[in-house]
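So that the names make sense, note that chain A is the first sequence line, chain B the second, and so on, each numbered from 1.
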Amino acid sequence: MEENDKQQRLETFEAEALGFAGQLFRVALRVCRDRGKAEDLVQETYLQAWRSWRRFELGTNLRAWLYRILFNVHYSGLRRERLELVPFEETIAETIAYDPPTPQHLTEEEVLMALERVPRDFQVPVVLADVEELSYREIADALQIPIGTVMSRLHRGRKLLRMELADYAREAGYQIVN
Amino acid sequence: MDCRNFKDLLDSYLCEELTVETNHAVLRHAEHCGGCRSEMAARRQLREALRRACSKEAMSVEACERLRARLRAEARSGVLAGGSASGVASLWRRFVDRFLSLRFGVPATAFAALLILAGGAFGLYLMGRGGESGNPQVDPTPRAVELSALLMDEAAEDHRKCAVKFVNNAVLATLPDSIKTLDPAYVDLDKALAEGTKGLSLHSAHVCGFGARRFAHLVYTRDSQLISLLMTERDARAMKPGALPPNAAPADDGSLSGLQQTSRDNFALGAYQTAKRVVLVVSNLPEAENKGLAERLAAPVAEHLRRAERQVSWERLNPRDLMASLIRF
């Protein structure tokens with residue numbers, strides 16, 4: 001009896017949650033910068049999610065819940081690194097007063113390389129907002145930082161990304177109209 | 001609303017995070033301002049490109065299957081929870097899980113602190129032992145494993161894209177201390193190499209990423225030649241597929257081994273490895289000169305890593321690892 005019940009719960013869990021594995025992996029990849037580590041992170045996230053599945057209320061936002069677990073797992077793995085901006089990166093971001101116009105006609109590869117150059121603390125919120133389309137509130141929950149911080153990181157992250165892209169565009173010889 | 005305001009709000013507008021009123025204000029401004037309209041189109045395109053680019057990365061089929069298998073195994077073992085025979089094991093596992101997730105209050109924290117102290121003492125003991133010279137159990141030279149073409153590609157690309165970009169950059173010529181959060185061995189790398197790089201001028205010392213890889217990157221020039229010294233993690237992706245796994249290397253005392261040479265486009269690459277890191281010299285120099293430079297730098301790099309490793313072993317002690325290792329006893 002109990003076995004059947006468990007089996008059914010697992011099936012529900014798989015049906016509801018496993019569909020997000022791809023999205024979680026993409027974010028994990030940005031966070032870990034390594035495929036193997038990203039796969040481990042996703043796996044650990046699902047194991048934790050399964051262990052807490054009883055506590056999840058069906059009908060509430062499952063994806064945001066999974067992201068929260070993912071960052072929880074990630075942070076507990078590197079407790080010390082949590083939300084510690086590398087100070088010089090912070091300085092770089094602060095000093096950008098100039099907001100470059102957004103270049104066009106860049107390849108996906110160039111966009112990805114530019115994204116990689118954005119410091120992780122800014123890169124991750126940008127990916128969560130612009131690729132995964134989480135709301136600012138959901139990002140704040142997932143990263144466990146105040147929503148104001150989310151907004152300022154997004155602002156700087158997107159600006160840094162545009163600056164990197166403008167660099168590529170210049171190198172590639174595209175004209176940037178200001 | 002002026003253009004500056006508009007640009008500040010534009011991304012939030014595209015994310016549908018603005019109030020109805022602000023939305024209207026944004027749209028009203030765009031109606032009257034051609035420049036801002038095209039900026040809006042450009043950012044929308046950028047979002048699309050970003051989404052497409054990131055969506056290309058998919059989890060491998062094998063990883064998905066491993067995930068399913070793990071879940072099923074977890075569910076099966078969980079079925080017995082509460083049963084008398086396996087109850088203890090399951091309770092113990094839950095206890096350990098709770099511990100590792102570090103989500104608990106004061107008494108456990110105190111216990112953790114105790115563990116750290118004990119672990120610290122143990123670590124000191126180990127470090128003391130490691131410091132003894134001629135320890136017969138430790139083979140001091142890590143085996144040189146053939147490095148992957150992927151790593152060589154990444155290094156050459158990083159040299160091409162990044163060194164060129166930074167060569168005119170006179171702002172940051174030394175690595176800031178803060179990079180130790182990335183890899184403590186990056187600290188003072190530039191200073192350690194000052195002697196070996198006489199005759200070259202240092203233009204930039206920074207940390208950069210290429211794809212999923214991070215490099216500590218020193219950019220040098222000599223006359224019109226551009227030289228990159230790159231240091232990165234010796235992970236599985238840095239190894240040629242089928243070569244020994246990275247943890248097969250026995251010692252981690254910064255010993256270098258096996259200078260490997262190759263070339264990409266017009267760049268010469270020389271690479272050597274320690275147990276944890278790969279160091280690459282990439283340049284437009286003729287191959288023999290590049291090799292000479294790489295060889296000249298081998299000794300100071302080795303010395304630097306040896307010193308860094310020794311300091312790091314202390315700083316790296318982290319409660320989770322410690323508990324994990326203690327629990328394994």
Could you tell me whether [X] and [Y] have a side-chain N and a carboxylate O separated by less than 4.0 Å?
| X | Y | answer |
| --- | --- | --- |
| A:Glu109 | B:Lys56 | no |
| A:Arg33 | B:Asp235 | no |
| B:Glu233 | A:Lys37 | yes |
| A:Glu133 | B:Arg51 | yes |

**Request:** Could I get the full list of side chain to side chain donor-acceptor pair (under 3.5 Å) partners for B:Thr22, not counting sequence neighbours?
**Result:** B:Thr19
**Which portion of B:Ala58 sits near chain A, non-hydrogen atoms under 4.5 angstrom** = backbone
**Proximity breakdown for B:Glu17 and chain A, heavy-atom pairs closer than 4.5 Å** = side chain
**Prompt:** Do B:Asp11 and A:Leu154 come within less than 4.5 Å of each other through their side chains, counting heavy atoms only?
**Reply:** no
**Prompt:** Is B:Glu62 close to A:Glu39 at the side-chain level, that is, under 4.5 Å between some pair of heavy atoms?
**Reply:** no
**Residue of the set B:Arg47, B:Arg43, B:Arg44 for which salt bridge (charged side-chain N to carboxylate O under 4.0 Å, His left out) holds with A:Asp130** = B:Arg47
**Asked** Which residue pairs satisfy the salt bridge (Lys or Arg N to Asp or Glu O under 4.0 Å) criterion with at least one member in residues 56-69 of chain A, sequence neighbours excluded?
**Response** none
For a quick test of reading the model, state the closest non-hydrogen atom pair linking [X] to [Y] and the distance between them.
| X | Y | answer |
| --- | --- | --- |
| A:Arg158 | B:Cys15 | NH2-SG, 3.2 Å |
| B:Cys54 | A:Arg26 | O-CD, 2.9 Å |
| A:Leu10 | B:Leu71 | CD1-O, 4.4 Å |
| B:Met59 | A:Ala21 | SD-O, 4.3 Å |

Euclidean distance, [Y] [atom2] relative to [X] [atom1], rounded to 0.5 Å:
| X | Y | atom1 | atom2 | answer |
| --- | --- | --- | --- | --- |
| B:Arg76 | A:Gln7 | CZ | CD | 9.5 Å |
| B:Ser55 | A:Gln23 | OG | CD | 8.5 Å |
| B:Arg70 | A:Glu44 | CZ | CD | 6.5 Å |

**Request:** With side-chain contact (heavy atoms from CB on, under 4.5 Å) as the test, would you mind laying out the steps for A:Glu14 and B:Arg72 before giving the verdict?
**Result:** CA-CA 10 Å; A:Glu14 286 185 340; B:Arg72 289 186 181 257; 2.6 Å; yes
**Message:** Please determine whether the number of non-hydrogen atoms from other residues, nucleotides or ligands lying under 6.0 Å from atom CE of B:Met1 exceeds 12.
**Reply:** yes
**Prompt:** When only pairs under 4.5 Å are counted, which of B:Gly35, B:Ser60, B:Cys64 shares the most heavy-atom pairs with chain A?
**Reply:** B:Ser60
**Request:** Identify which of A:Tyr46, A:Trp50, A:Tyr136 forms the greatest number of heavy-atom pairs closer than 4.5 Å to chain B.
**Result:** A:Tyr136
**Request:** With a 4.5 angstrom heavy-atom cut-off, could you sort out which part of A:Leu24 is near chain B: side chain, backbone, both or neither?
**Result:** neither
